Amino acid sequence: QEPTLSVKDVEIEAGSQATFTIDITNATSLIAAASYIQLPEGMTFAEDEYGLMLFEGDVIGKTRTGFTHSVSPKLHAPNRVKYAILDTAGNRQFKNDEGSLLEVTVEAASDMATGEYTGSLETIELSAYDREVGLIKIPDVTFNIKVTNPVGIESLSADKAQISEVYSVS
């Protein structure tokens, strides 16, 4: 059975960060994976204090000398990245046949409009340990992103004659 990737729906408040997981099933004998992640305008990939994108995964094994695979993201635009998960020592398989392939932390701009958006995994390529199987290309995957307003107020309107005082809640 062919491997599959999936992403559960993501909910994020404008001006904040959220983490979503790329899950994989039927990953038997896979040694590498790569794809593009496309986010809607107004969203970016979050970075740590060293400027490194926040990408982690649990199908990647760990040995006494370190991780068996490395995650290498390359930014192509503020909202588009290509990641590759590669073996650090040569042809070792992912430690699990299914689970979290990658956890990705993203950030929504503070002025991003409330609404429903779409993200996608594109040009998905998986490498099998078995050379006869070789490169496995699977269809693109889309996922929903819901952006909410952090204060919970969708809109506010009033007649100027009714406004007597204005208070700041920040």
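These numbers were taken from a predicted model, which means no experiment stands behind them. Numbers here are sequence positions counted from 1. Any value given below was found using the heavy atoms of this structure, including those in side chains, with hydrogens, waters and symmetry copies removed.
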Next item on the list: Let me see the working for Asp9 and Ile145 under side chain to side chain contact (heavy atoms under 4.5 Å, CB included), right down to the final yes or no.
Entry: CA-CA 6 Å; Asp9 292 349; Ile145 300 169; over 6 Å; no

Margin query: For Ser110 versus Ala14, what's the shortest heavy-atom pair and its separation?
Written below: O-CB, 3.8 Å

Margin query: Taking Thr123's backbone N and O only, do any of them form a donor-acceptor pair with Asp140's side chain (distance below 3.5 Å, no angle check)?
Written below: yes

Item checked: CA sep, side-chain torsions, deciding dist, call: Glu122, Ile37, side chain to side chain contact (heavy atoms under 4.5 Å, CB included) -> CA-CA 6 Å; Glu122 303 169 354; Ile37 302 172; over 6 Å; no

Item checked: Evaluation steps, side chain to side chain contact (heavy atoms under 4.5 Å, CB included), between Glu2 and Ile136 -> CA-CA 8 Å; Glu2 289 251 322; Ile136 302 166; 3.7 Å; yes

Margin query: Less than 3.5 Å apart, any donor N or O on the side chain of Gln17 or Glu107 sitting next to an acceptor on the other?
Written below: yes

Next item on the list: State the CD-CG distance between Glu103 and Asp23, to the nearest 0.5 angstrom.
Entry: 9.0 Å

Notebook entry, point to check: Taking atom OH of Tyr129 as the centre, does the number of heavy atoms from other residues, nucleotides or ligands within less than 6.0 Å exceed 12?
Noted result: no

Next item on the list: Measure the spacing between CZ of Phe45 and OH of Tyr83 and express it to the nearest 0.5 Å.
Entry: 11.0 Å

Check: For the residue pair Tyr36 and His76, does the interplanar ring angle fall in the parallel (under 30°), tilted (30 to 60°) or perpendicular (over 60°) class?
Finding: perpendicular

Checklist line | Atom of Pro73, atom of Val81 and distance for their closest heavy-atom approach | finding: CB-CG2, 3.9 Å

Checklist line | Donor-acceptor pair between Thr19 and Thr105 side chains, under 3.5 angstrom | finding: yes

Next item on the list: Can you see which heavy atom on Val133 is nearest to which on Ala128, and at what distance?
Entry: CG1-CB, 3.7 Å

Next item on the list: Grab the two heavy atoms, one from Pro40 and one from Met112, that are nearest each other, plus how far apart they are.
Entry: CG-CE, 4.1 Å

Item checked: Atom pair CD1/CD of Ile138 and Glu125 - distance to nearest 0.5 Å -> 10.5 Å

Checklist line | Pairwise distance NZ(Lys8) to OG1(Thr21) - rounded to 0.5 angstrom | finding: 7.0 Å

Next item on the list: Looking only at non-hydrogen atoms, find the nearest pair between Ala18 and Ile12 and report the distance.
Entry: N-CD1, 3.7 Å

Margin query: Test your reading of the model: is there a side-chain donor-acceptor pair from Asn79 to the backbone of Leu39, 3.5 Å cut-off?
Written below: yes

Note to self: What I want to check is whether the side chains of Ser120 and Thr142 have a donor and an acceptor closer together than 3.5 Å.
What the structure shows: no

Checklist line | Euclidean distance, Leu121 CG relative to Ser35 OG, rounded to 0.5 Å | finding: 4.5 Å

Notebook entry, point to check: What distance separates Ile24 CD1 from Leu102 CG, expressed to the nearest 0.5 Å?
Noted result: 10.5 Å

Notebook entry, point to check: Can you list the steps and then say if Asn144 with Tyr117 is a side chain to side chain contact (heavy atoms under 4.5 Å, CB included)?
Noted result: CA-CA 6 Å; Asn144 298 314; Tyr117 297 88; over 6 Å; no

Check: Between Ser127 and Leu30, is any pair of side-chain heavy atoms under 4.5 Å apart?
Finding: no

Check: Is it the case that one hydrophobic cluster holds both Ile31 and Leu126, taking links as side-chain heavy atoms less than 4.5 Å apart, direct or via other members?
Finding: no

